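See below for the structure under consideration.
Only this structure's heavy atoms are used, side chains among them; waters, hydrogens and symmetry mates stay out. Only a predicted model underlies this, so the values are computations on that prediction, with no experimental measurement involved.
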Amino acid sequence: MSQWRKSGPNEAFTPEDIEARLKAELPKWYYEDGWIRRKYKTSGWKGTLMVVNTVGHLAEAAFHHPDLAVSYAFVIVKLMNHEAKGVTERDFQLAKKIEEVIMWQPGAEEGSALAGTPDDPRFKYIKYD
């Protein structure tokens, strides 16, 4: 974090800082129309609801609420601090937590006792990048 300028949680970053930081820290996210965004592809409605509920829990726990676009097989998460009228540290921190939890693959962790979702279409719910 030391390479980024220090700012308060409600101080908006410049578009250049946002782009550089997304590239370095959240490469699957992008900046568009004043928001940082991420599209999560799912295997259908069940997976979509699981993503929405997970994002909802994390956002409520953080008391920082994204906009969501929800469809049958995807969820788009949009973050921007309305109070600051731009992208702030709060947005980056919540985006990182959302990314960490949604993209978690326990079966991919060395030595994990958790196997992860079987490689079977009946059980898949999210399409990992």
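Residues Thr88 and Asn10 approach most closely at CG2-C, 3.8 Å, considering heavy atoms. Taking each heavy atom of Gly116 and Pro106 in turn, the nearest pair found is CA-CG, 3.9 Å. Val52 and Val75 get closest at one heavy-atom pair: CG2-CG2, 3.8 Å. Closest approach of Thr117 and Phe123 over heavy atoms only: CG2-O, 3.1 Å. Scanning both residues, Glu89 and Phe13, for their nearest heavy atoms gives N-CE1, 3.4 Å. Between Ile126 and Ser43, the shortest heavy-atom distance links the atoms N-OG, 4.1 Å.
Distance NZ/Lys41 to OG1/Thr48: 12.5 Å, rounded to 0.5 Å. The CG atom of Asp91 sits 11.0 Å away from atom CG of Leu26, with the distance rounded to the nearest 0.5 Å. The CD1 atom of Ile76 lies 11.5 Å from the CG atom of Asp67; values are rounded to the nearest 0.5 Å. Distance check: Arg38 CZ to Leu22 CG gives 11.5 Å after rounding to the nearest 0.5 Å.
A side-chain donor-acceptor contact under 3.5 Å links Thr14 to the backbone of Asp17. Here the side chain of Arg37 pairs a donor or acceptor atom with the backbone of Glu32 at under 3.5 angstrom. In this structure a side-chain-to-backbone donor-acceptor pair under 3.5 Å is present from Tyr128 to Trp104.
Other residues, nucleotides and ligands contribute at most 12 non-hydrogen atoms within 6.0 Å of the NE2 atom of His57. When the shell of 6.0 Å around CG of Asp120 is examined, it contains more than 12 heavy atoms from other residues, nucleotides or ligands. In Lys78, the NZ atom is crowded: over 12 heavy atoms of neighbouring residues, nucleotides or ligands sit closer than 6.0 Å.
Side-chain contact between Val77 and Leu68 is present, with at least one heavy-atom pair separated by less than 4.5 Å. Contact check for Tyr40 versus Met103: side-chain heavy atoms found under the 4.5 Å cut-off. Under the 4.5 Å side-chain criterion, counting only non-hydrogen atoms from C-beta, His64 is in contact with Leu79.
Neither Val101 nor Phe74 shares a network with the other; the hydrophobic side chains, linked directly or stepwise wherever heavy atoms of I, L, V, M, F, W or Y lie under 4.5 Å apart, form separate groups for each. Linking ILVMFWY residues whenever their side-chain heavy atoms come closer than 4.5 Å, directly or via other members, leaves Met80 and Ile98 in distinct clusters. One hydrophobic cluster, built from ILVMFWY side chains closer than 4.5 Å, cannot hold both Trp35 and Trp29; they sit in different ones. Hydrophobic cluster membership is shared by Ile36 and Leu58, with clusters built from Ile, Leu, Val, Met, Phe, Trp and Tyr side chains linked at under 4.5 angstrom.
Residues that satisfy the side chain to side chain contact (heavy atoms under 4.5 Å, CB included) test with Tyr72, not counting sequence neighbours, are Trp45.
We find that Glu99 and Lys96 are not joined by a salt bridge, their nearest charged nitrogen and carboxylate oxygen being 4.0 Å or further apart.
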How far apart are the C-alpha atoms of Ile18 and Phe92, what are their side-chain angles, what is the distance that settles it, and do they pass the side-chain contact (heavy atoms from CB on, under 4.5 Å) test?
CA-CA 9 Å; Ile18 294 165; Phe92 279 102; 4.2 Å; yes
Apply side-chain contact (heavy atoms from CB on, under 4.5 Å) to Lys28 and Lys39, showing your working.
CA-CA 8 Å; Lys28 301 292 184 182; Lys39 182 176 187 176; over 6 Å; no
